[in-house]
Amino acid sequence: MTILDGKNLANELVIKIRTEVDQITSEGKRAPHLAAILVGNNPASRAYVGNKMKLCEKAGFKSSLVERDINCTEEELLILIKKFNDDPDLDGYIVQLPLPKHIDEQKVLNAISPTKDVDGFHPENIGKMTLGLPGYRPATPLGIMIMLENYGIETSGKHCVVVGRSNIVGTPVSILMSRKGYPGDATVTLAHSRTQDLPGLVRQADIVIAAIGIAEFVKGDWIKSGAVVIDVGMNRVEDPGNSKGYRLTGDVDFTGASVNASAITPVPGGVGPMTVFALIHNTLQAYNSRF
Ligand code: GUN
C-alpha cells in the first residue's frame with residue numbers, strides 16, 4: 001500500500017520552482033508575487049493562509065497578506081480587489097474562503113480579474129476548464145491531478161467516484177478527471193447528499209475522491225480492494241488528549257480504508273500541501289504570462 005505523501009511531493013516540486021525563480025531573479029527581474037486577503041478570524045483559514053505564505057518563501061516568491069476584521073464590508077473588500085487587479089507588481093491573489101455571512105462570496109469572486117485569479121474560482125476560469133482551454137485550474141483539484149501524475153496512478157477508463165459537489169473541489173475535480181488525456185479519461189460519478197446507496201456506489205470505485213467535509217464519513221469497508229483513495233477532508237475533531245484540544249482528520253476512515261486501498265492520502269500531509277503547491281504553480285503561470 002502506497003501512502004501518497006503530498007507534503008514530501010510538494011516540497012520536491014517547490015524546490016524545482018525555486019531553481020526557476022532563482023534563475024529569473026539572477027537576471028535582474030523581480031520575483032513572482034502572490035497576495036492573500038484574509039477576512040475575519042477563522043483559525044483554520046488563518047492556518048491555511050499561513051501555509052500558503054510559507055510556501056511562497058520556499059519558492060522564492062514575494063508574498064503579501066492583507067487582513068481585514070470580521071466587520072469589513074463587501075464594498076471595502078471590492079475596493080481592495082480593484083486595487084489588487086490594477087497593481088502591476090502583483091501577479092496573482094486569493095481571497096480566502098469562507099467569507100463572513102454579510103459578504104456575497106460569488107460577487108467577490110466575480111470581481112477578481114481572471115488573469116490574477118490563481119485560485120481558479122472566477123466563472124471565466126471555470127468555463128475555460130470545462131472547455132479544456134488554457135486558464136487557471138482550481139487549486140485543490142489541480143493539486144490532486146499533479147499528485148496522481150507524479151505517483152503514476154492510472155486513471156484512463158477507471159471508475160472515479162467523487163463524494164461531494166462543492167464549487168471549489170467536487171465539481172471541478174469531476175470535470176478534470178473526465179477530460180481527455182492524463183490524468184483524466186476516467187468514468188466519473190459525482191455523488192452528493194441525495195445519492196442513493198452511496199456505500200454501494202463507492203464500493204464500485206477504482207478511485208475515490210472524498211470531499212464532503214464530514215470527518216471519517218467514508219468507511220473502510222466501502223473501499224474496494226486495490227482502490228486509490230484521495231481524501232480532501234480537513235476536519236477539526238475535539239480531542240482533549242491533544243495539546244491543541246483537537247486533532248485533524250479527513251473525510252475517510254484512514255485506518256479502515258488502508259486495509260483495502262492500494263494507495264491513500266494521509267490527513268494531514270496529503271492533499272493539503274498539494275493545494276498550496278498548485279497555488280504556487282498557478283502564480284508562476286501568471287508571472288510567466290506577464291513577462
Ligand atoms: N477555502 C478552502 N479551500 C480554499 C481554497 O483553495 N482557496 C481559498 N481561497 N479559500 C479556500
Side-chain angles (χ1 to χ4, degrees), residues 6 10 34-56 63-68 70 72 74 77-78 80-81 84-85 90-101 103-114 116-126 129 135-147 162 164-176 209-215 230-236 248-251 265 267-268 270-283 285-286:
L34 172 73
I37 301 174
L38 177 61
V39 183
N41 212 1
N42 180 324
S45 291
R46 186 169 292 279
Y48 296 148
V49 169
N51 288 339
K52 291 169 186 177
M53 300 293 104
K54 263 191 236 154
L55 206 65
C56 275
S63 66
S64 312
L65 172 58
V66 176
E67 295 189 53
R68 292 289 180 265
I70 187 117
C72 174
E74 188 177 282
L77 191 54
L78 291 172
L80 186 57
I81 284 174
F84 278 12
N85 286 345
L90 183 61
D91 302 300
Y93 68 97
I94 64 154
V95 178
Q96 188 64 29
L97 305 178
L99 289 169
K101 294 264 178 298
I103 298 178
D104 180 340
E105 217 159 77
Q106 196 58 52
K107 197 168 167 187
V108 168
L109 297 179
N110 290 355
I112 298 174
S113 164
K116 293 193 175 183
D117 169 40
V118 285
D119 247 337
F121 292 168
H122 190 281
E124 186 174 313
N125 283 314
I126 300 286
M129 173 184 64
Y136 300 109
R137 306 306 188 223
T140 298
L142 176 61
I144 293 170
M145 294 298 126
I146 295 172
M147 177 180 248
V162 179
R165 56 178 159 183
S166 72
N167 288 345
I168 66 176
V169 185
T171 296
V173 85
S174 71
I175 293 169
L176 292 179
I209 302 180
I212 189 120
I214 302 172
I230 306 293
D231 190 348
V232 182
M234 183 65 81
N235 309 291
R236 289 182 175 209
L248 287 176
T249 184
D251 290 353
T265 59
V267 176
V271 172
M274 293 308 299
T275 296
V276 185
F277 172 74
L279 195 59
I280 299 288
H281 167 101
N282 281 348
T283 305
Q285 182 183 324

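Counting starts at 1 for both ligands and their atoms, following the listed order. If you're wondering where the values come from, they're calculated on a predicted model, not measured in any experiment. We're numbering straight along the sequence, starting at 1.
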**Item:** Exercise: do N41 and R46 side chains pair donor with acceptor under 3.5 Å
**Value:** yes
**Message:** Going by side chain to side chain contact (heavy atoms under 4.5 Å, CB included), T140 matches just one of V276, I168, V271, L279. Which one?
**Reply:** V271
**Prompt:** Does V95 approach ligand 1 within less than 4.0 angstrom via side chain, backbone, both or neither, non-hydrogen atoms only?
**Reply:** backbone
**Item:** Nearest-contact summary for atom 8 (C) of ligand 1 - protein heavy atom, Å
**Value:** D119 OD2, 3.3 Å
**Request:** Could you say whether the N/O atoms of T275 and ligand 1 ever approach to under 3.5 Å?
**Result:** no
**Message:** Pairs of nitrogen or oxygen atoms closer than 3.5 Å, one from P98 and one from ligand 1: do any exist?
**Reply:** no
**Request:** Indicate, as side chain, backbone, both or neither, the part of M234 found under 4.0 angstrom from ligand 1 when only non-hydrogen atoms are considered.
**Result:** neither
**Message:** Checking the side chain of N282 only, and the main-chain atoms of R137 only, is there a donor and an acceptor separated by less than 3.5 Å?
**Reply:** yes
**Message:** Run F84 and V66 through side chain to side chain contact (heavy atoms under 4.5 Å, CB included) and show every step you take.
**Reply:** CA-CA 11 Å; F84 278 12; V66 176; 3.6 Å; yes
**Asked** At what distance is the nearest protein heavy atom to atom 2 (C) of ligand 1, and which residue and atom is it?
**Response** I168 CD1, 3.9 Å
**CG/D104: more than 12 non-hydrogen atoms of other groups inside 6.0 Å** = yes
**Asked** For atom 11 (C) of ligand 1, which protein heavy atom lies nearest, and how many Å away is it?
**Response** Q96 NE2, 3.3 Å
**Message:** With side chain to side chain contact (heavy atoms under 4.5 Å, CB included) as the criterion, how do I175 and I126 come out once you've worked through the C-alpha distance, each side chain's angles and the decisive distance to 0.1 Å?
**Reply:** CA-CA 10 Å; I175 293 169; I126 300 286; 5.5 Å; no
**Message:** Quick one, L99 with E74, criterion side chain to side chain contact (heavy atoms under 4.5 Å, CB included). Give me CA distance, side-chain angles, the key distance, then yes/no.
**Reply:** CA-CA 10 Å; L99 289 169; E74 188 177 282; over 6 Å; no
**Side chain, backbone, both or neither: the part of F121 lying under 4.0 Å from ligand 1 by heavy atom** = side chain
**Item:** Structural part of L97 in contact with ligand 1, heavy atom criterion under 4.0 angstrom
**Value:** both
